[in-house]
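Working notes for the structure below.
Counting from 1, the numbers follow the sequence of the chain as shown.
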Amino acid sequence: MSSPAIQRALMAVRHPYFAWVIGGVVACLAFLIMVSFAAVSWVGNETSSVTALSIWLGDNQGFGDVRFIDRFLILIPLAAIALITIAVLIILQRLPTDQGLVSLVAVSLFLLIFPYIWKGISTNEWRKDLPEGVDISALTDLYNTVPHTVFSFLAVVVSVIGMVLYFADQHGLLPTFAPNDRVSEPPPSDESE
């Protein structure tokens, strides 16, 4: 016999709005990713910081002098827009729920791993430009992709949970409950004596 909380959660998976809620939460996280791209430090410390948008625009050196790897930073807002678009298509029922949830997972995973790829390539670029023997840790310590990573991680968790529960329900792996099943409540206490 499953607990009342688990029973409620499993019944929620079967609700038509379940995928909409998952899509809506992921869309909100994607919006926060877009905001952090433009407003939160991507590289910097307490005294000076630069957002990912500033790096992509080349605010310090001009757009023509932006490193090749930094050109790919534009993929962050594009992927966030893709997440929002997929979520809207799920909500409007213009995209099959199974395809939509898989797409949310794929794009969220891309957003999660992208900073690690960018940092690795960026560090190699710096290493090529610096004289041999120079400690590069002073530069790599300036990376500040934590806000982006947190929002992306949450988007992955929400979309994966949604996808797993949806597919488990579709394949009959979740327990079923009769329509009249009610969550058992403790009997009222008789305080009159």
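Cluster membership for I91 and I161, using ILVMFWY side-chain heavy atoms within less than 4.5 angstrom, is shared. Under the 4.5 Å side-chain heavy-atom criterion for Ile, Leu, Val, Met, Phe, Trp and Tyr, V21 and L92 are members of distinct hydrophobic clusters. Both V150 and V43 are assigned to one and the same hydrophobic cluster, defined by single-linkage of ILVMFWY side chains at heavy-atom distances under 4.5 Å. A continuous path of Ile, Leu, Val, Met, Phe, Trp and Tyr side chains, each step under 4.5 Å between heavy atoms, connects I86 with Y17, placing both in one hydrophobic cluster. F31 and F153 end up in different hydrophobic clusters when Ile, Leu, Val, Met, Phe, Trp and Tyr side chains are linked at under 4.5 Å.
Just one of V158, V26, V160 meets the side-chain contact (heavy atoms from CB on, under 4.5 Å) condition when paired with V105; it is V160.
Few gaps surround CZ on F110; more than 12 heavy atoms of other groups in view lie less than 6.0 Å from it.
One distance of note links CG of L29 with OG of S36; it measures 10.5 Å at 0.5 Å rounding. Here the CD1 atom belonging to I69 is positioned 8.5 Å from the CD1 atom belonging to I117, to the nearest 0.5 angstrom. The line from OG of S41 to CG of L142 is 8.5 Å long, rounded to the nearest 0.5 Å. Interatomic distance, CG of L75 versus CZ of F114, reported as 5.5 Å (0.5 Å rounding). From I84, atom CD1 reaches atom CE of M34 across 5.5 Å, with rounding to the nearest 0.5 Å. Rounding to the nearest 0.5 Å places CD1 of I22 at 9.0 Å from CG of L104.
Residues G23 and A87 approach most closely at O-CB, 3.1 Å, considering heavy atoms. When every heavy atom of A30 is checked against every heavy atom of L83, the shortest pair comes out as CB-CB, 3.7 Å. W20 and I90 get closest at one heavy-atom pair: NE1-O, 3.6 Å. Across all non-hydrogen atoms, the minimal contact from A80 to I33 is CB-CG2, 4.3 Å.
Within the structure, side-chain hydrogen bond (donor to acceptor under 3.5 Å, both in side chains) pairs that include any residue of residues 94-110 do not occur (at least two apart or interchain).
Under the 6.0 Å cut-off for aromatic ring centres, W118 and W42 qualify, their centroids lying closer than that. Between Y143 and W126, the distance from one ring center to the other falls under 6.0 angstrom.
Side-chain N or O atoms of T149 include one that pairs as donor or acceptor with a backbone N or O of T145 at under 3.5 Å. At distances below 3.5 Å, not a single donor-acceptor pair connects side-chain atoms of H148 with backbone N or O atoms of L112.
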Yes or no on side chain to side chain contact (heavy atoms under 4.5 Å, CB included) for F68 and I121, after CA distance, side-chain angles and deciding distance?
CA-CA 10 Å; F68 182 70; I121 298 172; over 6 Å; no
I would like to know whether F167 and V102 meet side chain to side chain contact (heavy atoms under 4.5 Å, CB included); could you show each step before the answer?
CA-CA 10 Å; F167 280 109; V102 170; 3.9 Å; yes
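Side-chain contact check for T51 versus V40: every heavy-atom pair is 4.5 Å or farther apart. Residues F151 and L111 are not in side-chain contact: their nearest non-hydrogen atoms beyond the backbone lie 4.5 Å or more apart.
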